[in-house]
Every structure is written in structure tokens, then in C-alpha cells.
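Protein chains get the first letters and strands the later ones, always in sequence-line order, with residue 1 at the start of each.
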2 protein chains.
Amino acid sequence: MYVSSEIRRTMPLLSMSIVMQLTDLTARQIRYYEEHHLIQPHRTAGNRRMFSLNDVDLLLEIKDILEQGVNMAEVKRVFAKKNESATTAAEKEISDSELREIMREERRQANRMQKTSIRQGDLSRFNHRSARDAKR
Amino acid sequence: MYVSSEIRRTMPLLSMSIVMQLTDLTARQIRYYEEHHLIQPHRTAGNRRMFSLNDVDLLLEIKDILEQGVNMAEVKRVFAKKNESATTAAEKEISDSELREIMREERRQANRMQKTSIRQGDLSRFNHRSARDAKR
DNA sequence: AAACTCATGTTAGCTTTCCTTACACAGAAT
DNA sequence: ATTCTGTGTAAGGAAAGCTAACATGAGTTT
């Protein structure tokens, strides 16, 4: 009861070290993703970053996507599209399958357009993810 | 999804400054309550306290009880009894009303025993708490 | 009244954590 | 071959946290 029930996913409660533990990312990586506007952690009066649970989830998604061999530019596009569809459709959440579908579409478009959008390895895992899907 | 669903109430995620904000207690107070074994926050490798959501709830309860004009010794007894009844009866949670009942009983016993247990003001508010009760 | 207890405030000195900035580097893209 | 990208790492400084110690006001005991 009490506080825990009032914890909002957007409340900046978590310090850098905790987020590093939760996400298994380095501080360098987290700051880099912020630099690219993928997250916007709050700042304390003393300029320290404070993260929300939402931020942690975002970081985990970023990590997950990057590990698939997608580059930052693409991650940004995926997130932009995700926000777009979320706001236009007034949806707050998006499922993993939806996310993968969006990325699949992104990939198709990028391939058609100029094939410069996707680098760093192939995306074959996105089309046969039975093993990974089972884990989620 | 992802992390937030895995957040356990016992995970030490929160720093001192955040807990101060959440509870509106001073660092001095929080450390003092720990000194009296009312909470046992984790420690980082660098000796910093890290609090769980459970700790925050406990602190809020402590604060609430102390604000009624009860002293620490009594708070300890209340908590001891609470733990006892929780473990023996295999109950995890205790309602506010139950808590107040326990404290009422405590007070009666203490008065009978040696009347040294309760100091610092009277407990009259416990018997006519209509205004405060309405807030919870 | 004097001495004591309790819960909290405050200060000092020190350690840990976090910040920014800058440079380095390996692998991929051009 | 050169450039771009994502990450590592180091330096110097500042914020936040720690312990220990003394201070204090309200209530209690002697």
C-alpha cells in the first residue's frame, strides 16, 4: 500500500548505477543513447541523471534492438514510428510483435529506398526468432 | 512490461535522496530508524544505503506512528508484534485498522505494566481519530 | 530545579558516485 | 584508404552519501 501503489512509471527514482545494473548497459552507453534523444532522464539540482521505470524499459528495448544488429539511426526511426502510432492511435503500449512488425516494415522500406539504412550485420534473426520469442 | 513487471518490493533500488523525497523524512531520521533496527537497507560496495519499496513503506508507517506522539520503543513493539502475527498467521499484510488496534492494545498493556513505556504526549488522538482516519 | 532521555539538527572530514570533456579504437560503410 | 559509429577509458571536478561527534529543545525523572 502507501507509496508503492503511487509509484508512477514516469517518476525519476533510479540512479545511474541502478539503471546500469537493471539494464546491463554501461554508463557510456546510456549517456550515448540520451545524447541521441532516445531517453530524456530527469536531472537533480546537482545535475545527476534520474531515471524512471519507463526509461529502463526503453533502454532494454534499445539494447534488444541494437543487439539484433541494427544501428542507432534505425532505432531512432523505430522509436519515432512507435511514438507516432501510439499518439495518433491514442495507444500507450505496443507489443513486441507489433514492434517487430514495424521494424520489418522499416527494413523493407530502407531496402527499397537506398539500402543505406541498415548496417551492421543482417536482420535474419527478425524473421526466424522462435527461440528468442519463446523467452518473452 | 520488461523490467517494471519484475520489480520486486524488496529490490534495493532507491538512493537516500529519493527516499527522503518519497517519505519527507530527513537523512538523519532515516539513519536513526535504521540504527534502531526498524529498517535494514542494503549497502552498495561503496557503503551507500539502497532502499526498497518495502523500506519506503516501513518508513512511512514509522513516520505515521511517530507523528501520533508515540515513541520509538513503542514503534519497535508495534513492529515486532506485526511481524509476529504476520509470520505465525502466515499473513503478509496488515491493515491500518489492525495496526491501530494492536497499538491500542499495546498502550493498554503498557499502562497496566509500568506506565513507563509511553512518553512524549498523550495518545488521545488514537481514540478520536475521525479527522485523520478520513484522510486514509 | 537539576539531571537525564529522546529524537532530531548540524557540522566536519572523508569516500563514493556521477558529471563533462576529450581522446582512442575496432569494425563497418563509403 | 578514409570516414563513420558505437563504445572504452582517463582526467578533473562536483554532488551526494557516510560516520562520528556535539548541540538542543521538549518531556521525564529524581
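- Taking Thr23(A) as the reference, nothing meets the side chain to side chain donor-acceptor pair (under 3.5 Å) condition, with sequence neighbours excluded.
- In this structure, Leu13(B) and Leu53(B) have side chains that are not in contact, with every pair of non-hydrogen atoms separated by 4.5 Å or more.
- Remark: side-chain polar atoms of Asp55(B) are paired, donor with acceptor, to backbone N or O of Ser52(B) under 3.5 angstrom.
- Taking every heavy atom of residues 20-34 of chain A and every atom of DNA chain D, pairs under 4.0 Å involve Thr26(A), Arg28(A), Gln29(A), Tyr32(A), Tyr33(A), by number.
- Residues Leu59(B) and Gln29(B) are not in side-chain contact: their nearest non-hydrogen atoms beyond the backbone lie 4.5 Å or more apart.
- Proximity of a side-chain donor or acceptor of Asp57(B) to a complementary backbone N or O of Asn54(B) within less than 3.5 Å is not detected.
- For the pair Lys63(B) NZ and dT8(C) C1', the interatomic distance rounds to 14 Å; values are reported in whole Å.
- Rounded to 10°, the helix from dA1(C)-dT30(D) to dT30(C)-dA1(D) has 10° between the axis fitted to its first five pairs and the one fitted to its last five.
- In this view, Arg49(A) and Met16(A), Arg31(A), Glu34(A), Pro41(A), Arg43(A), Phe51(A) satisfy the side chain to side chain contact (heavy atoms under 4.5 Å, CB included) rule, not counting sequence neighbours.
- Atom CD in Glu67(B) sits roughly 14 Å away from atom P in dA7(C) (whole-Å rounding).
- Separating the CG atom of Asn71(A) from the C1' atom of dC4(D) is a distance of 11 Å, rounded to the nearest angstrom.
- DNA chain D lies under 4.0 Å from at least one heavy atom of each of the following residues of residues 12-19 of chain B: Ser15(B), Met16(B), Ser17(B).
- When each of Arg48(A) and Leu66(B) is assigned the nucleotide of DNA chain C bearing its nearest heavy atom, the one mapping closer to the 5' terminus is Leu66(B).
- In this entry the distance linking CD of Glu74(B) with C1' of dC6(C) reads 15 Å, nearest Å.
- The distance between atom CD1 of Ile62(B) and atom P of dT8(C), rounded to the nearest whole Å, is 10 Å.
- The stretch residues 26-48 of chain B participates, sequence neighbours left out, in these ring pair (Phe, Tyr, Trp, His ring centres under 6.0 Å) pairs: Tyr32(B)-His36(B).
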(request) Determine, stepwise, if the pair Glu74(B) / Ile65(B) fulfils side-chain contact (heavy atoms from CB on, under 4.5 Å). (result) CA-CA 9 Å; Glu74(B) 200 62 17; Ile65(B) 296 176; over 6 Å; no

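- Among all heavy-atom pairs drawn from Val70(A) and Leu66(A), the shortest one is O-CD2, 3.1 Å.
- Using a 4.5 Å heavy-atom threshold, the side chains of Asp24(A) and Lys63(A) count as touching.
- Rounded to whole Å, the distance from CG on Asn47(B) to P on dG17(D) is 13 Å.
- Taking all atoms of both residues into account, the shortest heavy-atom contact from Leu60(A) to Leu22(A) is CD2-O, 4.2 Å.
- The nearest whole Å value for the distance from the CZ atom in Arg43(B) to the P atom in dT16(C) is 13 Å.
- Nearer the 5' end of DNA chain D, as judged by each residue's closest nucleotide, is the contact made by Thr44(A), out of Arg49(B) and Thr44(A).
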